[in-house]
Amino acid sequence: MHEKCGVAAIALTERAGARPLYYSLYALQHRGQESAGIVTHDGFQQYAHVETGLVGDVFAADDLDELRGNVGIGHVRYPTSGGTDACCAQPFSVSFKSGSLGLAHNGNLVNTADVRADLEERGHAFTTWGDTEVIAHDLAHNLLEADLVRAVKRTMDRLHGSYSLTIAHDDTIMGVRDPLGNRPLCIGDLGDGYVLASESAAIDTLDGDLIRDVRPGELVVLAEDGSGFDSYQLASPPRSAGCFFEYVYFARPDSVIDGNLVYEVRRELGRRLWAENPATTDVVMPVPDSGRAFASGYAEAASEAPMSEIPAGNGDARGEAATDEGSPDVEFAEGLMKNRYVGRTFIMPSQDERERAVRLKLNPIKSTVSGKSVTLIDDSIVRGTTSTQLVELLHDAGARAVHVRIGAPPIVAPCYMGIDMASREELIASDKTTEEVRETLGADSLAYLSIDAIAETLERERPDLCLGCVTGNYPYDIDGEVTDRDVQRPAVGDASARAAGDD
Ligand code: AMP
């Protein structure tokens, strides 16, 4: 099960926890639209409300009133490509000999089958196929034999894969980030309590202050009276493997992850995209909303660049300028309008429906496009559906040329770490060169950003990032796939930007 979700947890001194959790889930709605849930505890008993649907539809005022107590956890779940699946809505909760356990999970284990088989041997019965239930059973088992911190450590030692968890063991609220820190999780101070959330935007929503990210391999236990928190470093591997795609696509631009404001990262990636592959067209145009920050960085870098440094043949504005004086006259323009009421294209199960959804979702402003050469900027190409449709749309609207620039490297392999991307066969770049992808899109040129630009922008060594989807080499051992430990570390510059179409 590939689950790309949002998690939250809260412990307050006096206020009831359900409403702040509800607001934090609203702030994390982009991380999952299939189901939402909250589990609270009032010191005596656990309360849970979990349903399929958007946060605003799942909770009525009465539901929130019934979620008693100052502490709790929450979850929003992303739809898997198979459609809705009520059995997998979270938080997952169980009661066992030593109390109640609620668990909210963002990420994906890669050894679920092994841990599950082992637990089944010992008599555990499961009601879902999800990895979260496996974690819950393993933790419940360990809590019968060890104190809280040791039990979590034992469970962490058995789990392989990515997980940011929020856990409620009775009224003790915790957060854990997997030893490689693949998915984000941060801690915030609310003045009258503490909050854990997938993204800092949820802390902002509660008018709190971001304290810091939960460290890879760290367990954070919130005091049940909201007065503080304790930290336990339960694993300290020599490397980390944060997901770069959180910065490129998934996280909110106003979130800060591991010290980086996502919006600024995207703008810087846009600037580097220009530096690696300048296209001096009349207009720089973002795919809303995913390409906006990239396009703004790209256009800014373009407007600062001396004409003399721009190689000939990149687009056609240079040819028109016919001088090496000054900077190219590049306009940033919103030429595609978004229908806000259409859900993410990925929710559509079939390719045909996905294609129609792009046209439903985005419409060109003809006067901005007609007769112009356009640089269309997006964060990523997955199946190629969006870019193909938009290139056609812009051509139909009268664009003279459409140059596509992408703020991520080609996605060539699936994600096993919790992002619902696509299978290898569905990924347009998995078996095509950049020139072949350009041809399929019908674009006049196509260029992607290099892996190095991403590592440099995030100020991380490449082995401290999970780059599985763009290299096919993963930080975790996955059946049938290569680990990034097995491959020689490529020299800097090796994964240079790939471009097609420009001379
Ligand atoms: P595609 O149309 O299949 O090439 O997908 C690329 C478009 O979908 C881009 O506009 C991205 O912003 C967006 N996108 C990228 N990854 C995902 C994902 N995992 N789920 C939903 N949308 C995505």
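As the structure lists them, so they are numbered: ligands from 1, and atoms in each ligand from 1.
- A salt bridge between D444 and R438 is absent, with no side-chain N of the basic residue lying under 4.0 Å from a carboxylate O of the acidic one.
- Heavy-atom proximity to G384, at under 4.0 Å, picks out these atoms of ligand 1: 1 (P), 3 (O), 4 (O).
- Not counting sequence neighbours, the partners of D258 by the salt bridge (Lys or Arg N to Asp or Glu O under 4.0 Å) test are R177, R460.
- One side chain, T128 or E133, offers a donor N or O that lies under 3.5 Å from an acceptor on the other.
- The existence of a salt bridge linking D379 and R292 is excluded, since no basic side-chain nitrogen approaches an acidic carboxylate oxygen closer than 4.0 Å.
- The N/O atoms of V382, backbone and side chain alike, include one that comes under 3.5 Å of an N/O atom in ligand 1.
- Considering backbone and side-chain N/O of M421, none are found under 3.5 Å from N/O of ligand 1.
- Both the backbone and the side chain of S380 come within 4.0 Å of ligand 1, judged by heavy-atom distances.
- If you number the atoms of ligand 1 from 1 as listed, the ones under 4.0 Å from a heavy atom of I381 come out as 4 (O).
- Both the backbone and the side chain of T385 come within 4.0 Å of ligand 1, counting heavy atoms alone.
- Within 6.0 Å of NZ in K366 there are 12 or fewer heavy atoms belonging to other residues, nucleotides or ligands.
- Shown in contact with F245 at under 4.0 Å from a heavy atom are these atoms of ligand 1, numbered in order with element: 15 (C), 16 (N).
- Taking the ring centre of F126 as origin, the terminal cationic atom of R116 falls inside the region bounded by 6.0 Å and 45° from the ring axis.
- Heavy-atom proximity to atom 10 (O) of ligand 1, evaluated over D378, V287, T386, V437, is greatest for D378.
- Residue contact check: S290 has heavy atoms under 4.0 Å from atoms 10 (O), 12 (O) of ligand 1.
- A salt bridge links R485 with D477: at least one charged nitrogen is closer than 4.0 Å to a carboxylate oxygen.
- Only the backbone of D420 comes within contact range of ligand 1, with a heavy atom under 4.0 Å; no side-chain atom does.
- When heavy-atom distances to ligand 1 are checked against a 4.0 Å cut-off, F250 has no atom that comes that close, whether in backbone or side chain.
- Remark: distances from the non-hydrogen atoms of Y78 to ligand 1 include one below 4.0 Å.
- Counting only N and O atoms by type, the side chains of Y416 and E481 include a donor and acceptor under 3.5 Å apart.
- By the 4.0 Å N-to-carboxylate-O rule, R272 lies close enough to E456 to be salt-bridged with it.
- The contact set between ligand 1 and I419, taken as ligand atoms under 4.0 Å from a residue heavy atom, comprises 19 (N).
- Those atoms of ligand 1 that come under 4.0 Å of a heavy atom in D379, given as number and element, are 9 (C), 10 (O), 11 (C), 12 (O).
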